[in-house]
Peer 1: 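Quick one: the structure is below, questions incoming.
For the single chain, residues carry numbers from 1 onward in sequence order. Everything quoted here is computed from the prediction, not taken from an experiment.
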Amino acid sequence: RSFFADSYPFSEHTWPSEKDDPPTTGLISAVDLYYRGELIYSKVQEMETESGKGGWFLSTPFRVDLLDPKESVETRIRYPGGDYEAWVRDMEESMKLNWILIDPVKKRAANISSRDAVSAKRNWLTGDLEIRFSTVVTAAETWKEVDEEVGGEVHVREVRLGVEDIEGKCLKGRESVVILQGLLVGKRSRKDGCGEQRRGKGKYEEYVEMKTEWRKKKERREKFQDTIFMIFGFSLFVLLWSFILLR
């Protein structure tokens, strides 16, 4: 009952204070991926987060892969061919993901997925369809391989959890574990499920808008700095030649 109470509601992220216990030395991911209510992939995997033997984890970009690079999972989903964009929209609406993070030491759990997909787009580098499930601080992604012309079977090629900052830069294990710990200890929302599902995508869209605005401000700031440096350099050049000519 306590596990369900922890993992069913949406978790509000809370930054751990200095008085809080340090992050646990091991976390467990329990993942279920659904298409139109049918389970198409499920896995439980433990990730080592402590120093020592697994010390590389804390100092490298955080990433949890549930499938090996050469591994794929067959599904009953088929791409019928034809209108690819309509099929992408259907996939976004039909896919659901539960990614439950478990702290076995502190006996806490949190579903860090948005449940419903927040975006679906084609990866133009690989040609695969990328579906993203997200909270404001985490994202899990899955790829499906399709043939746009004639259709075919859909395979799950990658299920991945990552943590990134507002610049899109992947955070290292040390910072990522602190963020995940904040989701585990954060308060749980008690609103109705439908409203929470809409809120999950809405919060992600707000985050994307904030990220875009932040990038624009950064570009304007860098452009202003470039202008100042240019003026300073030109002024220094004029001052130098004035000094030489007036000697």
Peer 1: What I'd like to find out is whether the side chain of Leu101 reaches to under 4.5 Å of the side chain of Met47, using heavy atoms alone.
Peer 2: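 Side chain of Leu101 against side chain of Met47, heavy atoms only: contact under 4.5 Å found.
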Peer 1: Is Asp128 paired with Arg122 through a side-chain N to carboxylate O contact shorter than 4.0 Å?
Peer 2: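 No, Arg122 and Asp128 are not salt-bridged.
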Peer 1: Test of understanding: with side chain to side chain donor-acceptor pair (under 3.5 Å), list the residues that count as partners of Arg89, not counting sequence neighbours.
Peer 2: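 Arg89 satisfies side chain to side chain donor-acceptor pair (under 3.5 Å) with no residue once adjacent residues are dropped.
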Peer 1: Run the side chain to side chain contact (heavy atoms under 4.5 Å, CB included) test on Asn98 and Tyr8 for me, step by step, so that the C-alpha distance in whole Å, both residues' side-chain angles and the decisive distance to 0.1 Å come before the verdict.
Peer 2: CA-CA 9 Å; Asn98 287 316; Tyr8 178 75; over 6 Å; no
Peer 1: Compare every heavy atom of Ala110 with every heavy atom of Leu184, then report the nearest pair and how far apart it is.
Peer 2: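 That closest heavy-atom pairing would be CD2-N, 3.7 Å.
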Peer 1: With Ile231, which residues qualify under side chain to side chain contact (heavy atoms under 4.5 Å, CB included), at least two apart?
Peer 2: Thr227, Ser235
Peer 1: Taking only residues two or more places apart in sequence or in another chain, which ones pass side chain to side chain contact (heavy atoms under 4.5 Å, CB included) with Ala117?
Peer 2: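 So Ala117 forms a side chain to side chain contact (heavy atoms under 4.5 Å, CB included) with Glu92, Ile131, Phe133.
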Peer 1: Considering residues at least two apart in sequence or located in another chain, which fulfil the side chain to side chain contact (heavy atoms under 4.5 Å, CB included) criterion with Lys216?
Peer 2: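 Residues passing side chain to side chain contact (heavy atoms under 4.5 Å, CB included) with Lys216: Thr212, Glu213, Arg220.
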Peer 1: Is any side-chain heavy atom of Cys170 less than 4.5 Å from a side-chain heavy atom of Phe62?
Peer 2: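 No. Closest side-chain heavy atoms not under 4.5 Å.
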Peer 1: What residues join Leu39 in its hydrophobic cluster, counting side-chain heavy atom gaps under 4.5 Å, either direct or through other members?
Peer 2: Tyr34
Peer 1: So Lys96 and Arg115, do their side chains get closer than 4.5 Å, heavy atoms only?
Peer 2: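 No - every pair of side-chain heavy atoms lies 4.5 Å or more apart.
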Peer 1: Please enumerate all residues that pass side chain to side chain donor-acceptor pair (under 3.5 Å) together with Ser7, with sequence neighbours excluded.
Peer 2: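 With sequence neighbours excluded, Ser7 shows a side chain to side chain donor-acceptor pair (under 3.5 Å) to no residue whatsoever.
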Peer 1: Step by step, would you call Asp65 with Val159 a side chain to side chain contact (heavy atoms under 4.5 Å, CB included)?
Peer 2: CA-CA 6 Å; Asp65 289 295; Val159 181; over 6 Å; no
Peer 1: For Leu125, check side chain to side chain contact (heavy atoms under 4.5 Å, CB included) against everything at least two apart and list the hits.
Peer 2: Asn123
Peer 1: Is Arg63 close to Leu161 at the side-chain level, that is, under 4.5 Å between some pair of heavy atoms?
Peer 2: no
Peer 1: For residues 26-45, which residue pairs qualify under salt bridge (Lys or Arg N to Asp or Glu O under 4.0 Å), counting only residues two or more places apart or in two chains?
Peer 2: Arg36-Asp90, Glu38-Arg76
Peer 1: Go through it in stages, so that I can follow the logic: the residues are Met95 and Leu33, the test is side chain to side chain contact (heavy atoms under 4.5 Å, CB included), and I'd like the CA-CA distance, side-chain angles, deciding distance and then a yes or no.
Peer 2: CA-CA 7 Å; Met95 300 294 292; Leu33 182 63; 3.8 Å; yes
Peer 1: Kindly indicate whether the side chain of Tyr35, heavy atoms from C-beta on, has any atom under 4.5 Å from the side chain of Met91.
Peer 2: yes
Peer 1: Applying side chain to side chain contact (heavy atoms under 4.5 Å, CB included), run through Ser113 and Leu97 and close with a yes or a no.
Peer 2: CA-CA 7 Å; Ser113 170; Leu97 175 73; 3.8 Å; yes
Peer 1: Between the side chains of Asp103 and Arg108, is the shortest nitrogen-to-carboxylate-oxygen separation below 4.0 Å, so that they form an ion pair?
Peer 2: no
